[in-house]
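All ligand and atom numbering here is 1-based and tracks the order in the structure. This structure is a prediction, so every number in the text was calculated from the model and none was measured.
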Amino acid sequence: MSVSKLCILGCGGFIGSYILDRVLADPVYTVCGVDVSSYKIQRHLDNPSFVYVNMDISDVTRLRPLVEGCDVVVSLAALCNPSLYNTAPLRVIENNFNQPLAIASMCAEMKKRLVHFSTCEVYGRTVESYVERNINGIPAAFNEDTTPYVLGPIHAQRWTYSCAKQLSERMIYAYGYEKGLEYTIVRPFNFIGPGMDYIPGIDGEGIPRVIACFMDSLMAGKPLKLVDGGHNMRTFTYIDDAVDAIMAIINCPEKTKGMIFNIGNPQNETTIAGLAAKMRDIYESIRPQAPLCDIVPVTAEEFYGKGYEDSDRRIPDISKARELLGWTPHVSLDDALVKTITGFANNYFL
Ligand code: NAD
Ligand code: UGA
């Protein structure tokens with residue numbers, strides 16, 4: 001079956017805008033895109049293959065005909081910014097569980113395929129970080145089908161998002177099991193690129209994800225802040241690699257039916273302290289006239305408030321995506337950061 005009519009929920013966000021770039025460059029696709037903001041996708045609004053609908057996905061009555069008219073629903077809409085998990089937990093649960101529930105139910109009823117975006121945060125922390133030893137040789141890399149999920153206690157509200165996303169996965173799995181929903185679940189591992197999030201005070205308010213926080217500091221000559229010393233680790237994935245995998249998933253309904261895919265780059269691991277140092281070096285090479293910023297530690301409570309806990313380390317096992325999609329990420333961390341930092345500087349500054 002060839003996929004041509006897409007309904008993309010959350011098309012105006014970071015990942016959505018890059019998916020639009022890719023699909024609207026190919027005349028085979030037509031797209032109905034839903035979001036509450038079109039700020040990042042102005043370049044596509046006049047494209048005859050694209051219909052943008054400015055609405056909240058909770059408006060199920062308006063959503064129904066849009067889902068009815070497509071082959072596949074790509075569900076990206078979410079509140080996925082860690083600064084909200086412990087400060088707006090009810091909105092986070094509503095947005096990351098209740099709304100996906102309504103969408104999955106609609107897709108099951110209308111027999112539409114659903115490509116749902118979950119997160120690597122469902123894995124939580126490493127088992128080792130709690131028990132400080134490797135139980136029964138559980139491997140370091142997170143596997144979609146064998147790794148257990150390790151979250152903190154209820155008052156550590158950081159985990160509201162992880163938990164809501166995990167329950168959404170279980171709900172979608174159950175719709176597949178009981179109602180025959182055709183679905184694929186994507187677990188992104190820290191995708192990065194130009195245009196992610198916002199710069200506080202310029203085109204958004206609050207605390208964005210780490211790349212935008214560090215870009216804000218670098219462009220304004222302010223200190224880069226390392227939460228709890230920046231010892232925690234992430235594997236960063238360049239957005240073009242990620243979109244290659246997403247397109248393979250969208251276009252291979254049979255191979256990916258009922259499956260969960262980690263999409264990430266296990267080679268691109270760094271501590272957050274290492275990330276700050278690299279970003280500062282790259283920014284200095286791009287803008288040698290800019291003042292050198294300090295890198296300072298800050299406690300999690302000072303930075304995010306009470307109830308913030310962190311994932312210590314998350315490395316994706318991507319053997320399933322390699323085998324079934326023939327996908328492999330190519331962009332190194334250094335190259336990804338050069339592209340990202342240059343893109344930010346061009347967008348906001350130069
Ligand atoms: P983003 O915040 O840039 O985009 C989300 C978009 O959804 C925004 O444009 C927002 O306006 C829209 N949206 C949110 N709630 C809505 C609603 N109720 N109605 C209509 N639109 C709504 O986020 P992103 O980085 O593009 O992430 C997209 C998806 O991928 C999310 O589900 C997120 O949880 C998941 N994800 C992303 C990453 C990553 O590395 N970027 C990692 C893990 C998971
Ligand atoms: C992100 C978000 O939960 C989601 O966007 C997504 O589902 C998932 O993880 C992902 O991108 O794969 P996290 O990686 O913690 O969570 O998000 P960031 O805000 O980018 O933080 C990364 C690390 O940098 C954390 O350890 C955070 O404490 C740290 N940080 C952040 C700093 O040290 N300084 C800052 O200024 C900002």
Side-chain angles (χ1 to χ4, degrees), residues 8-19 33-41 53-59 62-63 74-85 91-92 94-96 98-100 102-103 116-123 158-162 164-165 168 185-193 195-198 200 204 207-217 222-239 242 246 262-264 270-273 275-276 279 295-300 303-304 308-314 316:
I8 306 183
L9 310 178
C11 68
F14 168 54
I15 299 176
S17 66
Y18 278 87
I19 297 177
V34 177
D35 207 300
V36 288
S37 165
S38 61
Y39 172 69
K40 294 187 181 177
I41 55 169
V53 184
N54 185 300
M55 61 171 264
D56 195 298
I57 57 161
S58 60
D59 187 343
R62 281 184 75 195
L63 197 57
V74 179
S75 177
L76 294 151
L79 291 184
C80 53
N81 190 315
S83 63
L84 300 173
Y85 306 165
R91 275 176 60 213
V92 168
E94 169 73 24
N95 197 275
N96 290 295
N98 299 61
Q99 292 176 1
I103 290 160
H116 174 77
F117 276 70
S118 183
T119 173
C120 60
E121 291 225 356
V122 295
Y123 293 109
R158 160 58 182 260
W159 306 110
T160 50
Y161 169 80
S162 167
K165 287 279 201 187
S168 286
I185 290 171
V186 183
R187 290 183 183 163
F189 281 66
N190 290 77
F191 297 172
I192 59 169
M196 78 179 296
D197 297 340
Y198 55 86
I207 305 174
R209 287 172 285 189
V210 67
I211 295 289
C213 283
F214 287 173
M215 285 313 303
D216 175 33
S217 294
K222 301 184 291 197
L224 283 73
K225 295 182 178 169
L226 298 179
V227 173
D228 286 340
H231 302 299
N232 291 312
M233 304 178 86
R234 294 292 186 272
T235 48
F236 291 98
T237 311
Y238 192 61
I239 187 69
I246 295 165
N262 286 338
I263 301 300
T270 176
T271 60
I272 300 303
L275 176 75
M279 287 184 66
I295 298 178
V296 299
V298 58
T299 68
F303 194 76
Y304 289 111
Y308 178 84
E309 263 191 16
D310 207 350
S311 297
D312 55 312
R313 187 176 193 200
R314 36 194 211 213

Output the list of atoms in ligand 1 that are nearer than 4.0 Å to some heavy atom of C80, sorted by atom number.
2 (O), 23 (O), 27 (O), 33 (C), 34 (O)
To which of C120, S118, S75 does the heavy atom nearest atom 35 (C) of ligand 1 belong?
S118
Atom 34 (O) of ligand 1: of Y18, F189, Y161, F14, the nearest heavy atom sits on Y161
Considering the heavy atoms of A77, write down every atom of ligand 1 situated less than 4.0 Å from one of them.
7 (O), 13 (N), 16 (C), 22 (C)
What atoms of ligand 1 come closer than 4.0 angstrom to any heavy atom of G12?
9 (O)
Looking at ligand 1, does any of its N/O atoms fall within less than 3.5 Å of an N/O of I15?
yes
Enumerate the atoms of ligand 1 whose separation from the nearest heavy atom of M55 is less than 4.0 angstrom.
19 (N), 20 (C)
For K165, the ligand 1 atoms with a heavy-atom partner under 4.0 Å come out as 31 (C), 32 (O), 33 (C), 34 (O)
Smallest separation among heavy atoms of S217 and P223, with atom names:
OG-O, 3.1 Å
P188, any N or O under 3.5 Å of ligand 1 N or O
no
Compare every heavy atom of C11 with every heavy atom of D35, then report the nearest pair and how far apart it is.
OD2-N, 3.5 Å
Could you list the atoms of ligand 1 found under 4.0 angstrom from a heavy atom of N190?
40 (O)
Polar proximity ligand 1 side, S58 side, N/O cut 3.5 Å exclusive:
no
